[in-house]
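Accompanying notes for the structure given below.
First listed ligand is number 1; within each ligand, the first listed atom is number 1. As a basis for the values below, the full set of heavy atoms in this structure was taken, side chains included, without hydrogen atoms, waters or symmetry mates. Treat the numbers as computed from the prediction; the structure is a model and nothing was measured.
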Amino acid sequence: MRFATRLIHNGHAIDKTTGALGTPIVLTSTFAKLDMNADQEFDYARSGNPTRKALEETIAQLEGGAKGYAFASGMAAIGSTLGIFSSGDHIVTAEDIYGGSYRIMNNFYKRWGLGVSAVDSTDLDAIKEAIKPSTKALFLETPSNPLLKITDLKGAIAIAKESGLITIVDNTFLTPYLQRPIALGADIVVHSATKFLGGHSDVVLGLAVTQNEELGRKIYAVQNSFGAIASPSDCFLTIRGIKTLKARLDAEQASAAKLADWLKTRSEVTDVYYPALREHKGREIHEKQADGFGAVLSFKTKNKQKAIDFLGAVKYAAAAVSLGGVETIVSYPAQMSHAAMPQKERERLGITDSLIRISVGLEDIDDLIADFEEALR
Ligand SMILES: *Cc1c(COP(=O)(O)O)cnc(C)c1O
């Protein structure tokens, strides 16, 4: 079965007990023991729930992994995944990761004795040099946020494997439709399903998928202990969102490509960042490891005031954090996602006060371009 078919027919398309095409939302905290002498799959809903199981098996299958786990948010998935490490362990992470991932590593897990080194992961030598005897894992995100920097997954994973590290990849921006890190050698994939997988800006949820059963058992132990589980209702919304993933991303990334090309023709715009652009650094690597360029891009205006004026003037895009919904969202990293980062560090990474990130939704692209043109003027 090809990907689009698997989004619909994945073993959970028809409820085995009633024939329902919609996955039942099982709202219960506990499950009565039906036969005191027999093992039973479900007992308490923190440990397992049928709606959650349907989502967990679906994402594991789509990512090509052995086991999937659903959490209350992307950060709960990432935080719980990092919970498999111990005091004294060390991880190497890309410096260009989601702000919340950076925060939980540096403000939380460091206090519990986890060593963290952040490197420019587009430079494979920098990854190699940061590995110590105590290093257990490499944490990557590509394309990065908000400048769409590309990390060579195969190259980085080969370095990790040489030193016996596991590789964790945050695949939120592309989803398994466009990039499957496990097929490239990664051990764990994490997601904010709040974004493209859910796809409708109506749910906060996270997922983790492991390449093998053993890592699955480790993550399950944290999921069941921490208890940062996804609710059955949110699992249902995510299952529903996943069914239209390909249709949405096909339309959204086609619009993103048109918008990137159009932005490049504008005198008000100084730089455009989108992996499909010929001059984008890492484009060739991206083309080898992904099946598309995604629906997130960013651009720079001439100065801070012009960026702020633009954000205030657009009509068909919400000025907001988040991405991946059916609605186009424009965000201002300097004051939103990267506000906690010292200005000097932000500027070093290229996240200037004139940078705007766009997550392209399902509006008609001609309407969006007309709106952007007026807002830029
Ligand atoms: C949003 C996001 C997260 C965090 O997910 P939440 O669902 O907001 O907790 C993690 N990684 C990336 C790349 C994200 O965009």
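A salt bridge links Glu345 with Arg348: at least one charged nitrogen is closer than 4.0 Å to a carboxylate oxygen. Taking the charged nitrogens against the carboxylate oxygens, Glu284 and Lys288 have no contact shorter than 4.0 Å, which rules out a salt bridge.
The side chain to side chain donor-acceptor pair (under 3.5 Å) test with Lys149 singles out one residue from Thr142, Asp96, Thr122, and that residue is Asp96. In summary, of the residues considered (Leu297, Val296, Leu263), a side chain to side chain contact (heavy atoms under 4.5 Å, CB included) with Tyr274 occurs for Leu297 alone.
The protein non-hydrogen atom at the shortest distance from atom 9 (O) of ligand 1 is Met75 N, 2.8 Å. Of the protein's non-hydrogen atoms, the one nearest atom 1 (C) of ligand 1 is Lys195 NZ, 1.4 Å. Looking from atom 12 (C) of ligand 1 to the surrounding protein, the closest heavy atom is Asp170 OD2, 3.5 Å. Of the protein's non-hydrogen atoms, Tyr98 CE2, 3.3 Å is the one closest to atom 4 (C) of ligand 1. Protein heavy atom nearest atom 7 (O) of ligand 1, with residue, atom name and distance: Thr194 OG1, 2.6 Å.
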Extract all donor-acceptor atom pairs below 3.5 Å that involve side chains of residues 83-91 and protein atoms in other chains or at least two apart in sequence.
{"unit_1": "Asp89", "atom_1": "OD1", "unit_2": "Lys136", "atom_2": "NZ", "d": "2.9"}
{"unit_1": "Asp89", "atom_1": "OD2", "unit_2": "Ser86", "atom_2": "N", "d": "2.8"}
{"unit_1": "His90", "atom_1": "ND1", "unit_2": "Thr135", "atom_2": "OG1", "d": "2.7"}
{"unit_1": "His90", "atom_1": "NE2", "unit_2": "Ser117", "atom_2": "OG", "d": "2.7"}

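When heavy-atom distances to ligand 1 are checked against a 4.0 Å cut-off, Ile78 comes that close only through its side chain, counted from C-beta outward.
For a threshold of 3.5 Å applied to N or O pairs, the pair formed by Ser101 and ligand 1 contains no separation below that value.
Close approach of ligand 1 to Ser73 is summarised as follows: ligand atoms under 4.0 Å from at least one heavy atom of the residue are 7 (O), 9 (O). In summary, the atoms of ligand 1 found under 4.0 Å from a heavy atom of Gly74, numbered by their order in the structure, are 5 (O), 6 (P), 7 (O), 9 (O).
Between Phe139 and Tyr98, the ring center distance fails the sub-6.0 Å criterion.
For Arg180 (side chain) and Glu63 (main-chain N/O), no donor-acceptor pair under 3.5 Å exists by modelled atom type.
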